[in-house]
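Beneath this line is the structure, given in structure tokens, with notes to follow.
Owing to the predicted nature of the structure, the values given are computational and were not obtained by experimental measurement. Chain letters run A, B, ... following the sequence lines, proteins first, then strands; residues in each count from 1.
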Amino acid sequence: EPEVTQTPSHQVTQMGQEVILRCVPISNHLYFYWYRQILGQKVEFLVSFYNNEISEKSEIFDDQFSVERPDGSNFTLKIRSTKLEDSAMYFCASSEERGYGYTFGSGTRLTVV
Amino acid sequence: QKEVEQNSGPLSVPEGAIASLNCTYSDRGSQSFFWYRQYSGKSPELIMFIYSNGDKEDGRFTAQLNKASQYVSLLIRDSQPSDSATYLCAVPLTGTASKLTFGTGTRLQVTL
């Protein structure tokens, strides 16, 4: 069964450092998303991406965040200057159609120290 | 008012029983509703979606939607210990077709 692949599975970084989280969506999917889940809290939307541009973003997705699809397969989330409160599980997801149920990747656990 | 609300549980049911999980939402314009299962430390996994009022069955799972009352529920028949997980209700709110708003989830424990 096709799956969304995320790397790394766990990233530890120092406060103020930049991190890039990587995702390979399912190949025929057109819509891509990043969500995060702080430990013990609910899954929160960050950003959606379609046709090489951001289609929606949340209040969380401020200037320190950016997304990119540098080639035909990868989809990345960059956090420019990490804060302690950025520590969370970050999930990439993709879907074939807008508004359809997503397939989530296995996540990257980001720990900012 | 919370946009998507679920009882956090835990909901404890014996093996073989029916588990009933409920979700209410605040946006009357919402058109589609999703149930995800999340095992501890894992990513959400889509198990059901429903668009129309009434029931939708898929194996041991039945989703029920009542738009007038703004609730959606998930029934799990013949509950198994492997069903023990957190069940997340997710709704795309009006005007946000690509963004899912999740509830906090209900933790289900199926006991032997």
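- Only the side chain of A:Phe91 comes within less than 4.5 Å of a heavy atom in chain B; its backbone stays farther off.
- Atom NZ of A:Lys57 sits in a sparse spot, with 12 or fewer heavy atoms from other residues, nucleotides or ligands closer than 6.0 Å.
- Here the closest heavy-atom approach between residue A:Ser106 and residue B:Ser43 is recorded as CA-OG, 3.9 Å.
- A heavy-atom distance below 4.5 Å is found between the side chains of B:Gln38 and A:Gln37.
- Clustering ILVMFWY residues whenever any of their side-chain heavy atoms sit less than 4.5 angstrom apart, transitively, puts B:Ile76 in the very cluster that holds B:Val110.
- A:Phe49 and A:Val4 are not part of a single hydrophobic cluster, where members link through side-chain heavy atoms under 4.5 Å apart.
- With rounding to the nearest 0.5 angstrom, the CG atom of B:Leu46 is 11.0 Å from the OH atom of A:Tyr102.
- Shown here is A:Arg69, whose CZ atom has more than 12 heavy atoms of other residues, nucleotides or ligands within 6.0 Å.
- Rounding to the nearest 0.5 Å places OG1 of B:Thr101 at 10.5 Å from CD of A:Glu44.
- B:Tyr36 places no side-chain N or O within 3.5 Å of a backbone atom of A:Gly101 that could act as its donor or acceptor partner.
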| task | Decide side-chain contact (heavy atoms from CB on, under 4.5 Å) for B:Phe102 and A:Phe45; before the verdict, give the C-alpha distance in whole Å, the side-chain angles of both, and the deciding distance to 0.1 Å. | result | CA-CA 9 Å; B:Phe102 283 82; A:Phe45 171 81; over 6 Å; no
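- In this structure, chain A has no heavy atom under 4.5 Å from any part of B:Glu45.
- Contact annotation for A:Tyr50: neither backbone nor side-chain heavy atoms come within less than 4.5 Å of a heavy atom of chain B.
- Using a 4.5 Å cut-off between side-chain heavy atoms of Ile, Leu, Val, Met, Phe, Trp and Tyr, with links allowed through other members, A:Ile79 and A:Leu84 fall into the same hydrophobic cluster.
- Around atom CD of A:Gln14, no more than 12 heavy atoms belonging to other residues, nucleotides or ligands sit under 6.0 Å away.
- Residue B:Tyr71 places its OH atom among 12 or fewer non-hydrogen atoms of other residues, nucleotides or ligands, all under 6.0 Å distant.
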| field | Verdict with reasoning, A:Tyr35 to B:Leu100, per side-chain contact (heavy atoms from CB on, under 4.5 Å) | value | CA-CA 9 Å; A:Tyr35 281 75; B:Leu100 283 181; 3.3 Å; yes
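- Contact annotation for A:Gln41: neither backbone nor side-chain heavy atoms come within less than 4.5 Å of a heavy atom of chain B.
- Within 6.0 Å of CG on A:Asp63 lie no more than 12 heavy atoms contributed by other residues, nucleotides or ligands.
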